[in-house]
Amino acid sequence: MHIAEGFLPPVHAAVWTLAAAPFVIHGGRSVVRQVRDDPETKLLLGAAGAFTFVLSAIKLPSVTGSSSHPTGTGFGAVLFKPPVMAFLGTVVLLFQALLLGHGGITTLGANAFSMAVVGPWVGYGAYRLVGLIGGGLSASVFAAMALADLSTYCVTSMQLALAFPDPSSGVLGAATKFLSIFAVTQIPLAIAEGLLGVLVFRLLRDLAAPELIRLGVLKAPAPSPTETTGA
């Protein structure tokens with residue numbers, strides 16, 4: 001991730017832009033609704049965007065045409081659900097393309113689809129699944145952060161494979177090549193991102209428990225016996 005400016009054939013860039021657009025538009029409406037209905041969560045909303053911006057701006061050496069880095073989108077997906085991250089993640093990618101030359105405008109749709117759409121949905125699904133089987137908040141957050149990261153790179157590998165199939169083994173061979181190269185650097189990064197997410201959520205639990213309860217991340221404490229009886 002991020003696929004560099006001009007790296008994808010124009011048709012591929014256009015198709016990925018069309019694929020990402022409905023999620024981003026819906027996400028923009030979700031952000032407006034979130035701010036309107038619960039303005040006290042604006043700070044956390046800004047923190048989710050900033051967290052994604054900082055982590056995904058870290059560039060590590062990777063294969064030609066792309067870079068390797070954490071994504072940070074699992075954090076916002078747990079807090080605000082995937083539609084919000086579709087918009088926030090795309091805004092982050094746009095600013096990185098314009099200000100840092102990281103990614104590109106023509107490849108914005110492809111990068112948004114992998115990092116801002118698929119990553120948050122996979123991360124949120126993992127978060128809910130681990131929670132349903134009794135994994136607890138730390139395990140759920142770890143799974144969300146790590147799998148949001150890994151799934152982003154899996155989609156990017158497929159995007160590159162579709163655009164540049166191997167001359168002898170086709171798209172499948174190219175996908176195998178890209179995935180094998182990404183996995184070397186990305187699995188340790190995903191584990192590190194998962195651990196970082198656990199630490200950040202433990203900090204938030206101490207500093208912003210009311211907001212986390214309002215967002216449904218934490219359960220409200222049970223009323224004390226005196227509150228129940230009215231004594």
Side-chain angles (χ1 to χ4, degrees), residues 23-58 70-93 95 115-149 151-152 190-231:
F23 295 96
V24 177
I25 293 170
H26 175 61
R29 292 172 178 168
S30 299
V31 169
V32 171
R33 188 164 51 248
Q34 177 69 38
V35 172
R36 182 192 60 207
D37 295 346
D38 197 354
E40 293 185 17
T41 59
K42 282 192 291 187
L43 281 178
L44 277 181
L45 194 63
F51 189 74
T52 298
F53 184 92
V54 171
L55 286 193
S56 60
I58 300 171
T71 64
T73 56
F75 178 77
V78 170
L79 288 176
F80 294 103
K81 311 291 187 298
V84 168
M85 283 312 297
F87 180 78
L88 286 185
T90 302
V91 171
V92 165
L93 287 165
F95 275 95
M115 194 182 96
V117 176
V118 175
W121 273 109
V122 171
Y124 186 69
Y127 168 77
R128 294 298 303 270
L129 180 61
V130 174
L132 285 174
I133 60 178
L137 181 62
S138 293
S140 301
V141 169
F142 176 84
M145 299 287 288
L147 291 181
D149 182 316
S151 62
T152 297
I191 294 173
E193 185 171 343
L195 294 174
L196 175 63
V198 172
L199 293 176
V200 171
F201 266 87
R202 286 182 178 178
L203 184 63
L204 280 180
R205 189 168 52 189
D206 295 333
L207 299 177
E211 288 78 8
L212 294 184
I213 292 171
R214 195 155 46 240
L215 291 170
V217 178
L218 295 180
K219 293 181 179 178
S224 65
T226 54
E227 290 174 330
T228 304
T229 59

**Q** Closest heavy-atom contact between G131 and S140?
**A**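 That would be N-OG, 3.3 Å.
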**Q** Are the side chains of L44 and L204 in touch, meaning some heavy atoms are under 4.5 Å apart?
**A**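 SC-SC contact between L44 and L204 confirmed.
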**Q** Is a donor on one side and an acceptor on the other found under 3.5 Å between the side chain of E193 and the backbone of G72?
**A**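 Such a contact is found between E193 side chain and G72 backbone.
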**Q** Measure across L196 and F51 and return the closest heavy-atom pair with its distance rounded to 0.1 Å.
**A**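 Shortest heavy-atom separation between L196 and F51 comes out as CD2-CZ, 4.0 Å.
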**Q** Tell me, with the steps shown, if T73 and D149 meet side chain to side chain contact (heavy atoms under 4.5 Å, CB included).
**A** CA-CA 8 Å; T73 56; D149 182 316; over 6 Å; no
**Q** Is the distance from the ring center of F201 to that of F75 below 6.0 Å?
**A**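 Distance test on ring centres: under 6.0 Å, yes.
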**Q** R202 versus S138: any side-chain heavy-atom pair under 4.5 Å?
**A**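 They are in side-chain contact.
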**Q** Does CD1 in I213 sit with more than 12 non-hydrogen atoms of other residues, nucleotides or ligands closer than 6.0 Å?
**A**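 Buried by this count: over 12 neighbours within 6.0 Å.
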**Q** Run the side chain to side chain contact (heavy atoms under 4.5 Å, CB included) check on L55 and T71 step by step: do they pass?
**A** CA-CA 6 Å; L55 286 193; T71 64; over 6 Å; no
**Q** Which heavy atom in V78 sits nearest to a heavy atom in V217, and how many Å separate them?
**A**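 Between these two residues, the closest heavy atoms are O-CG2, 3.7 Å.
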**Q** Identify the two heavy atoms, one from F142 and one from I191, that lie closest to each other, and give their separation to 0.1 Å.
**A**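 Result for this residue pair: CE1-O, 3.5 Å.
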**Q** Can you see which heavy atom on E211 is nearest to which on E40, and at what distance?
**A**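 Scanning both residues, the minimum pair turns out to be CG-O, 4.1 Å.
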**Q** Tell me, do M115 and T52 make a side-chain contact under 4.5 Å, heavy atoms counted?
**A**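 Touching, per the 4.5 Å side-chain cut-off.
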**Q** Walk me through whether V92 and F87 qualify under side chain to side chain contact (heavy atoms under 4.5 Å, CB included).
**A** CA-CA 9 Å; V92 165; F87 180 78; over 6 Å; no
**Q** Answer yes or no: is there a side-chain heavy-atom contact under 4.5 Å between P83 and W121?
**A**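 Heavy-atom side-chain distance check passes, below 4.5 Å.
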**Q** Report the distance from atom CG of L203 to atom CG of L207, rounding to the nearest 0.5 Å.
**A**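 L203 CG to L207 CG: 4.5 Å, rounded to 0.5 Å.
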**Q** Please name the residue in the list L45, V31, D38 that meets the side chain to side chain contact (heavy atoms under 4.5 Å, CB included) test with F80.
**A**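 When L45, V31, D38 are each tested with F80, the side chain to side chain contact (heavy atoms under 4.5 Å, CB included) holds only for L45.
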**Q** Decide yes or no for T41 and Q34: does some side-chain heavy atom of the first lie under 4.5 Å from some side-chain heavy atom of the second?
**A**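 Yes - at least one pair of side-chain heavy atoms lies under 4.5 Å apart.
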**Q** Quick one: do V118 and T152 satisfy side chain to side chain contact (heavy atoms under 4.5 Å, CB included)? Show the steps, please.
**A** CA-CA 7 Å; V118 175; T152 297; over 6 Å; no
**Q** What pair of heavy atoms forms the shortest contact from A126 to A143, and how long is it?
**A**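 So the minimum-distance heavy-atom pair works out to CB-O, 3.9 Å.
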